[in-house]
Amino acid sequence: MLRKFSYLTMMIAGVFLMSACSGSSKKSSEDELTLSAPAQSGTLELSEEVMSDVIQNISSPVEMASIIKATGVDFSQKILNNTDKVDDYNTSYKRALNLGVYSADLGYINTFDKNNIVVSYLVAIKTLSEGIKVGQFFDFNSLKRMATNHNNLDSLMQISISSFNQMDSYLRSQKRSNVSSLIVTGAWIEGLYLTSNVIEQTNNESLVNRLAEQKDIINIIEIIIKNYGSDPDFAELAQRLGKLRAAYEGVKITTEFAEPKTIEQDGQLIIVQDEISHVEITPEQVANINAEIKSLREFIVS
């Protein structure tokens, strides 16, 4: 089943829900991404509102981490992005992308309850968020303290969700939705990268199906990034995303609508339409997709 979440909320719930809770740019190191000029002729321009709605309907990489753990595979720190690289990310473009990467890594760390490396990733998040001028939304001393205490799980989750919601609203109000788009893209690609590594080890059917279901998401991500195609960095990222989209071309996805369910939410009964996705994907297609994911991820974290 392809479940959709408010992306930034779920991403950060995983980012700071630690075990206890928890392209090279030509811009200067002090640059600040602002809303780029209109997309070049022939590309699809999207409004701020449309991009916000799209981003909120992208599946969270925290889901991927949960499925990875369910396969029984051991935790592997070597597949995470090394926090020693943080100082190398000296442009807003790189900082935003890798803020997303480290966010997905922290979701993975949280899922496997690895307290011993939580702090280094929190520090990486702090450094990058301050580098793109959104560090004011995070009380990192409190987060670090709470990350070592399992009893603070609910409080830490609420704080982190609130912080990222404020950050997202701020970025959009400042016409910096391109920054949010980069954070989302980095987190999504890192989630796929972690998944592809486990698929190569286990060939787990659930993970293969979830990987295949991302065919629709890659189309959306590419459109969002193309919207800022007048910026050379975004244009290059869009071109690389296009290669990943091409690897998905032969994958087939059909959707079956199940009986609607009634659930209680905030004291009210609401009707939810369940969707079940069926995928057709060959081992060769999986191998090609994994290769493109690794190439794109290496480009992002380099």
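For clarity, every value in this text was computed on a predicted model and none was experimentally measured.
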- Task: Please list, chain by chain and in numerical order, all residues satisfying ring pair (Phe, Tyr, Trp, His ring centres under 6.0 Å) with Tyr121, sequence neighbours excluded.
- Result: Tyr102

- Message: Can a donor-acceptor pair be found, under 3.5 Å and without considering hydrogens, that links the side chain of Thr185 to the backbone of Ser181?
- Response: yes

- Message: Looking at every non-hydrogen atom in both residues, tell me the closest pair between Gly131 and Ser92 and how far apart they are.
- Response: O-OG, 4.4 Å

- Please list, chain by chain and in numerical order, all residues satisfying side-chain hydrogen bond (donor to acceptor under 3.5 Å, both in side chains) with Arg297, sequence neighbours excluded. Glu190

- Tightest non-hydrogen contact, residues Tyr248 and Leu211, listed as OH-O, 2.7 Å

- Query: Should Ser302 and Tyr89 count as side-chain neighbours, where that means a heavy-atom distance under 4.5 Å?
  - Reply: no

- Task: Find out whether Phe75 and Ile117 are in side-chain contact, i.e. whether some heavy atom of one side chain is under 4.5 Å from a heavy atom of the other.
- Result: yes

- Query: Side chains of Ile221 and Leu241: does their closest heavy-atom pair fall under 4.5 Å?
  - Reply: yes

- Message: Quick check: do Ser196 and Ile289 have side-chain heavy atoms less than 4.5 Å from each other?
- Response: no

- Message: If I compare all heavy atoms of Gly191 with all of Ala104, which pair ends up nearest, and what's the gap?
- Response: N-CB, 4.2 Å

- Message: To the closest 0.5 Å, what do you measure between CD (Glu280) and CD1 (Ile253)?
- Response: 10.5 Å

- Task: Flag this pair as yes if the NZ/CZ of Arg240 is under 6.0 angstrom from the six-membered ring centre of Phe299 and inside a 45 degree cone about the axis; otherwise no.
- Result: yes

- Within a strict 4.5 Å, meaning less than it, do heavy atoms of the Ile199 and Val286 side chains meet? yes

- Item | Exercise: identify the closest heavy-atom pair between Leu128 and Leu99 | CD1-N, 3.6 Å

Could you go through residues 67-74 and list every donor-acceptor pair under 3.5 Å that involves a side-chain atom there, pairing it with any protein atom two or more places apart or in another chain?
residue	atom	partner	partner atom	Å
Lys69	NZ	Thr111	O	2.8
Thr71	OG1	Ile68	O	2.6
Thr71	OG1	Val73	N	3.3

- Query: Heavy atoms, side chains only, cut-off 4.5 Å: are Ile189 and Leu97 in contact?
  - Reply: no

- Item | Where Tyr93 and Leu237 come nearest, the two heavy atoms and their spacing | OH-CB, 3.5 Å

- Task: Using side-chain hydrogen bond (donor to acceptor under 3.5 Å, both in side chains) as the criterion, list what pairs up with Glu200, not counting sequence neighbours.
- Result: Lys294

- Can you name the residues that form a side chain to side chain contact (heavy atoms under 4.5 Å, CB included) with Thr282, not counting sequence neighbours? Glu284, Gln285

- Query: Looking at residues at least two apart in the chain, or sitting in another chain, which of them share a side chain to side chain contact (heavy atoms under 4.5 Å, CB included) with Lys243?
  - Reply: Gln239, Glu292

- Query: Can you list the steps and then say if Val101 with Asp105 is a side chain to side chain contact (heavy atoms under 4.5 Å, CB included)?
  - Reply: CA-CA 6 Å; Val101 169; Asp105 286 345; 4.0 Å; yes

- Note on the structure: Taken in chain and number order and not counting sequence neighbours, the residues that satisfy side chain to side chain contact (heavy atoms under 4.5 Å, CB included) with Asn209 are Glu205, Val279

